[in-house]
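For reference, the structure discussed in these notes is given below.
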Amino acid sequence: MPAQPVIGVLALQGDVREHLVSLAECDVIARPVRRPEELAEVDGIVLPGGESTTMSRLLETFELLEPLRKRLADGLPAYGSCAGMILLAGTVVDGRPDQQQLAAVDMVVRRNAFGRQVDSFESELTVTGVDGGPVHAVFIRAPWVESVGDGVEVLARVPDIPASGAAAGRIVAVRQGSVLATAFHPELTGDERVHRLFVETVRAA
Ligand SMILES: NC(=O)CC[C@H](N)C(=O)O
């Protein structure tokens with residue numbers, strides 16, 4: 001691998017720009033990916049936040065679904081935030097019937113899990129692998145992880161404080177091998193530590 005790994009951001013829909021900006025702070029070459037030829041050139045891929053059903057449909061339209069599945073099956077490191085987490089899951093609860101899964105993480109994810117009254121909220125989260133104190137996590141119509149398989153490491157849960165209500169203890173960040181997923185959006189807060197954790201994974205892969 002070159003000194004600066006090439007990290008792609010799936011650029012079909014969602015907060016692509018924000019991930020490119022975060023990655024640019026991490027000593028990597030960050031590029032948008034819209035075509036199979038572009039996917040073939042990356043050492044890691046970020047699946048942004050946005051709308052997972054739309055992204056799933058566009059993956060098919062842009063003929064990226066099967067190439068991406070294949071690269072993930074071959075071990076391409078990946079990081080998904082929010083909608084990206086949903087796409088990476090093996091199983092989605094409350095997804096659309098035609099929603100495609102990349103099945104790169106053995107987990108069941110509940111879409112729009114936090115409910116309408118708390119569509120968006122923020123929380124201080126301790127994330128395993130991220131040093132230097134809690135991460136300020138922004139959740140926007142976010143999923144949570146209902147359950148994980150044996151090979152999946154839980155990196156963060158919603159803290160058990162009164163304000164978190166029914167969400168307390170829910171899993172919101174995971175890692176399986178070189179695939180990382182968060183229900184929140186570190187690309188929106190100017191804190192690159194989660195992206196750096198992913199970049200370390202890409203460098204180690
Ligand atoms: N902020 C987000 O990425 C929201 C995800 C969105 N609710 C979905 O189902 O895809």
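Counting starts at 1 for both ligands and their atoms, in listed order.
By the rule that hydrophobic residues join a cluster once side-chain heavy atoms approach within less than 4.5 Å of another member, V16 and F184 end up as members of one cluster.
Between M85 and V172, the shortest heavy-atom contact is CE-O, 3.8 Å. Heavy-atom minimum distance, I45 versus L39: CD1-CD1, 4.1 Å.
Among pairs with a residue in residues 173-194, those fulfilling salt bridge (charged side-chain N to carboxylate O under 4.0 Å, His left out) read E153-R175, D191-R193, at least two apart in sequence or across chains.
If you run side chain to side chain contact (heavy atoms under 4.5 Å, CB included) between Y79 and each of V179, V194, V9, only V194 comes through.
For a heavy-atom separation below 4.0 Å, the residues in contact with ligand 1 are G49, G50, E51, S52, C82, A83, I86, R111, N112, I140, R141, H185.
Between F114 and W144, the ring-plane angle classifies as perpendicular under the 30° and 60° cut-offs.
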